[in-house]
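See below for the structure under consideration.
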Amino acid sequence: MFPTPAIFRRWLLAWAGVLTLLGVGVEVAHRALGTPTLEPLVAFLSLSYEQNLPTWYASGLLLGCALVLAGIARAASLSRDPGRRHWWALACTFAYLSLDESVGIHEHLGGLLSLGGVLFFTWVVPAAVLVLLGGLAFLPFLARLPLRRRGQFILAGVLYVGGALLMELPLGWWTERHGNDNLVYALIDHVEEALELVGASLFLTALLEEWGERVVLTARVEAPPP
């Protein structure tokens, strides 16, 4: 018996909370105690580090979104759903996001720019353009969704983009002035990563709801008459 999307959502949000608290805890303990013995634990648990437990979890979460989106896209293609191309586009986008979470491709997007202040991390400029254009392209798709699903997708998107993109602005401002080897940097970064985890978790559970409804609908359509 598989858990319902509501139960699954609680599990995912609980894991996001546990990972965030562990990351903040080891960062604060490391700064407070000033002992190098905690450095390996910080590197393994902190959301500010790459290629560690939180990175693996975040990448897996995004990959899960991509796989469920692919299942929905296939069902939409079989039923000639007008939004089938959007579902496939979302599946490819989240497959890329999963890869990017692991290897940090986005950090090279702003390599040709030289900015400062809140745009210290210059990759946010091309990323913001891509998000804006993508959002405009998906407006008709969102308009066709049921009200509940539309609200779920918008909430998840606002949280994820707010973390991944908007939180980079204060983080860049602080990094330019104080560097990235301090507790404030770590705390800002943890807010950013936590928002991403929550947004991805809510999106995945909304997708599971959508997939479940499509499976039930397909079964009803294909069921032989009595």
Should [X] and [Y] be regarded as members of a common hydrophobic cluster, given that ILVMFWY residues are connected when their side-chain heavy atoms come within less than 4.5 Å of each other, either directly or indirectly?
X	Y	value
Leu63	Leu12	no
Leu187	Val118	no
Leu78	Val68	no
Trp11	Leu19	yes
Ile188	Val161	yes

When you compare the side chain of [Y] with that of [X], does any pair of heavy atoms fall below 4.5 Å?
X	Y	answer
Tyr160	Leu165	no
Glu27	Ser48	yes
Leu202	Leu13	yes
Leu45	Leu53	yes
Trp173	Leu169	no

Rounded at 0.5 Å granularity, tell me how far [atom1] in [X] sits from [atom2] in [Y].
X	Y	atom1	atom2	answer
Phe44	Trp56	CZ	CH2	9.5 Å
Leu147	Gln152	CG	CD	10.0 Å
Arg148	Glu210	CZ	CD	11.0 Å
Ser102	Leu62	OG	CG	9.0 Å
His30	Thr37	NE2	OG1	8.0 Å
Thr35	Leu41	OG1	CG	11.0 Å

(Q) Ring-plane angle category for Trp15 and Tyr57, please: parallel below 30°, perpendicular beyond 60°, tilted otherwise. (A) tilted
Q) In terms of ring plane angle, is the pair Phe94 and Phe203 parallel, tilted or perpendicular, where the classes change at 30° and 60°? A) parallel
Minimum heavy-atom distance [X]-[Y], with the two atoms named:
X	Y	answer
Glu168	Val124	CB-CG1, 3.6 Å
Asn182	Arg31	N-NH2, 3.6 Å
Ala16	Leu197	CB-CB, 3.9 Å
Ala70	Trp88	O-CH2, 3.9 Å
Ala206	Phe153	CB-CE1, 3.8 Å
Ala91	Ala66	O-CB, 3.6 Å

Q.
Test side-chain contact (heavy atoms from CB on, under 4.5 Å) on Thr20 and Leu47; report intermediate values, then the result.
A. CA-CA 7 Å; Thr20 302; Leu47 276 66; 4.1 Å; yes
Q.
Is the distance between the ring centroids of Phe120 and Trp174 under 6.0 Å?
A. no
(Q) Before we go on, tell me: are the rings of Tyr185 and His178 under 6.0 Å apart, centre to centre? (A) no
Please check this pair: side chain of [X] against backbone of [Y], looking for a donor-acceptor N/O pair closer than 3.5 Å.
X	Y	answer
Asn52	Ala43	yes
Ser98	Ala95	no
Arg84	Ala76	no

Q.
Just checking Arg80: does its CZ atom have more than 12 heavy atoms from other residues, nucleotides or ligands closer to it than 6.0 angstrom?
A. no
Q) For Glu39, does the CD atom have more than 12 heavy-atom neighbours from other residues, nucleotides or ligands under 6.0 Å away? A) yes
**Q.** side-chain contact (heavy atoms from CB on, under 4.5 Å) evaluation trace for Leu195 with Val191
**A.** CA-CA 6 Å; Leu195 287 172; Val191 172; 4.2 Å; yes
